[in-house]
**Q** 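Once you've had a glance at the structure underneath, I'll fire off some questions.
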Amino acid sequence: MSNEIRPVPQGNQWAMFLHLSVFAAYIVPLAGVIAPILIWQLKKAEFPEIDAHGKTVMNFIISMIIYSLISWLLVFVLVGLVLLVVLAIVGIVFPIIGALKANQGELWRYPLMIAFLK
């Protein structure tokens, strides 16, 4: 087995950046939504595989917003606190897994994601 480093195709790199761009929300409010949309729309013509990754990331973002709203409503029943912690962990772990898979040329569909965009 060879230890040579093979270059990653640019499409895979952009797909990885698209998944990781959701973390921009930790720096600038709403940037975690705007950055993925910009990368998706600007690069999907150049790299066709970006379209599927963009839809997956946007479906994940929309799903997380819905789950967060429901969790905030359930805070009054105390179940929401646990759900918010779980969502915080999922919001960090899933984009990282998606980015790693994208860098390898795979499309990873986030678990619990509602497919709004197909």
Side-chain angles (χ1 to χ4, degrees):
M1 189 153 72
S2 173
N3 286 338
E4 71 182 58
I5 298 173
R6 283 180 264 139
V8 177
Q10 270 194 324
N12 292 354
Q13 283 182 334
W14 279 108
M16 179 185 70
F17 295 147
L18 191 133
H19 286 275
L20 293 176
S21 66
V22 298
F23 293 127
Y26 293 112
I27 300 167
V28 177
L30 292 179
V33 175
I34 296 169
I37 291 172
L38 285 175
I39 293 171
W40 175 30
Q41 293 303 313
L42 293 174
K43 292 295 179 179
K44 72 179 182 181
E46 187 177 350
F47 305 107
E49 65 267 27
I50 294 291
D51 192 41
H53 288 279
K55 289 176 184 176
T56 299
V57 170
M58 289 314 301
N59 283 332
F60 174 69
I61 291 170
I62 295 167
S63 298
M64 287 295 285
I65 291 170
I66 291 170
Y67 295 147
S68 296
L69 292 174
I70 292 169
S71 296
W72 277 108
L73 291 174
L74 292 175
V75 164
F76 299 110
V77 197
L78 299 179
V79 176
L81 293 174
V82 175
L83 292 175
L84 287 171
V85 170
V86 170
L87 285 176
I89 294 168
V90 164
I92 293 170
V93 173
F94 283 5
I96 292 172
I97 294 171
L100 292 173
K101 296 285 187 178
N103 198 33
Q104 297 170 353
E106 300 175 38
L107 174 63
W108 186 66
R109 304 243 183 235
Y110 293 58
L112 307 174
M113 175 188 74
I114 304 167
F116 295 102
L117 306 171
K118 296 182 183 190

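Numbers here are sequence positions counted from 1.
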**Q** If you measure from CG on D51 to CD on Q41, what distance do you get to the nearest 0.5 Å?
**A**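 Answer for the CG-CD pair, D51 versus Q41, is 8.0 Å.
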
**Q** Is it the case that over 12 heavy atoms from other parts of the model lie below 6.0 angstrom from the CG atom of L30?
**A**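 At most 12 heavy atoms, drawn from other residues, nucleotides or ligands, come within 6.0 Å of this atom.
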
**Q** Should I114 and I62 be marked as a side-chain contact (heavy atoms from CB on, under 4.5 Å) after you check the CA-CA gap, both sets of side-chain angles, and the distance that decides it?
**A** CA-CA 8 Å; I114 304 167; I62 295 167; over 6 Å; no

**Q** Indicate if Y110 and I89 have the same hydrophobic cluster label, given that clusters are the connected sets of ILVMFWY residues with side-chain heavy-atom separations under 4.5 angstrom.
**A**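 Yes; I89 is reachable from Y110 via cluster members.
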
**Q** Would you say K101's side chain and L107's backbone share a donor-acceptor pair under 3.5 angstrom?
**A**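 Not confirmed, K101 side chain does not pair with L107 backbone.
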
**Q** List the atom of G91, the atom of F60, and the distance in Å for their closest heavy-atom pair.
**A**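 Heavy-atom minimum between the residues: CA-CZ, 4.2 Å.
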
**Q** Which atom pair, heavy atoms only, marks the closest approach of F94 to P111?
**A**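 For F94 versus P111, the nearest heavy atoms are CE2-O, 3.5 Å.
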
**Q** Using the rule that Ile, Leu, Val, Met, Phe, Trp and Tyr join whenever any side-chain heavy atoms are under 4.5 Å apart, tell me whether V85 and L81 fall into a single cluster.
**A**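 No, V85 does not connect to L81 through the hydrophobic network.
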
**Q** Going hydrophobic residue to hydrophobic residue with side-chain gaps under 4.5 angstrom, can you get from V28 over to W40?
**A**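 No.
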
**Q** Membership question, hydrophobic clusters at under 4.5 Å side-chain separation (ILVMFWY): are L112 and L73 in the same one?
**A**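 Per the 4.5 Å side-chain linkage, L73 and L112 are not co-clustered.
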
**Q** I want to check something: taking the side chain as every heavy atom from C-beta on, are N103 and H19 in contact at a cut-off of under 4.5 Å?
**A**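 Of all side-chain heavy-atom pairs linking H19 with N103, none is under 4.5 Å.
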
**Q** Over 60° means perpendicular and under 30° means parallel, so tell me whether W14 and F17 are parallel, tilted or perpendicular.
**A**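 Correct class here is perpendicular.
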
**Q** What's the shortest heavy-atom distance between I50 and G11, and which atoms?
**A**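 What the structure gives for the nearest pair is CD1-O, 3.6 Å.
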
**Q** Counting only N and O atoms by type, is there a donor-acceptor contact under 3.5 Å from the side chain of N12 to the main-chain atoms of Q104?
**A**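 Looks like no, no N/O pair under 3.5 Å.
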
**Q** Test of understanding: clusters of I, L, V, M, F, W, Y form through side-chain heavy atoms closer than 4.5 Å, transitively. Do L117 and Y67 belong to the same one?
**A**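 Result: yes, single cluster for both.
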
**Q** Among L83, V82, V75, which residue meets the side-chain contact (heavy atoms from CB on, under 4.5 Å) test with V79?
**A**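 When L83, V82, V75 are each tested with V79, the side-chain contact (heavy atoms from CB on, under 4.5 Å) holds only for L83.
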
**Q** Which heavy atom in K118 sits nearest to a heavy atom in K55, and how many Å separate them?
**A**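 Scanning both residues, the minimum pair turns out to be O-NZ, 2.9 Å.
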
**Q** Can you name the nearest heavy-atom pair linking L18 to H53, along with the distance?
**A**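 The pair with the smallest heavy-atom distance is CD2-O, 3.5 Å.
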
**Q** What pair of heavy atoms forms the shortest contact from L84 to S68, and how long is it?
**A**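 Scanning both residues, the minimum pair turns out to be CD2-O, 4.3 Å.
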
**Q** In Å and rounded to the nearest 0.5 Å, what is the CG to CH2 distance from L87 to W72?
**A**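 Reported to 0.5 Å precision, the distance equals 11.0 Å.
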
**Q** Contact between L100 and W108 at the side-chain level, heavy atoms closer than 4.5 Å - yes or no?
**A**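 A side-chain contact is absent here, since even the closest heavy-atom pair is not under 4.5 Å.
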
**Q** Can you tell me how far CE of M58 sits from OG of S63, rounded to the nearest 0.5 angstrom?
**A**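 Answer for the OG-CE pair, S63 versus M58, is 10.5 Å.
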
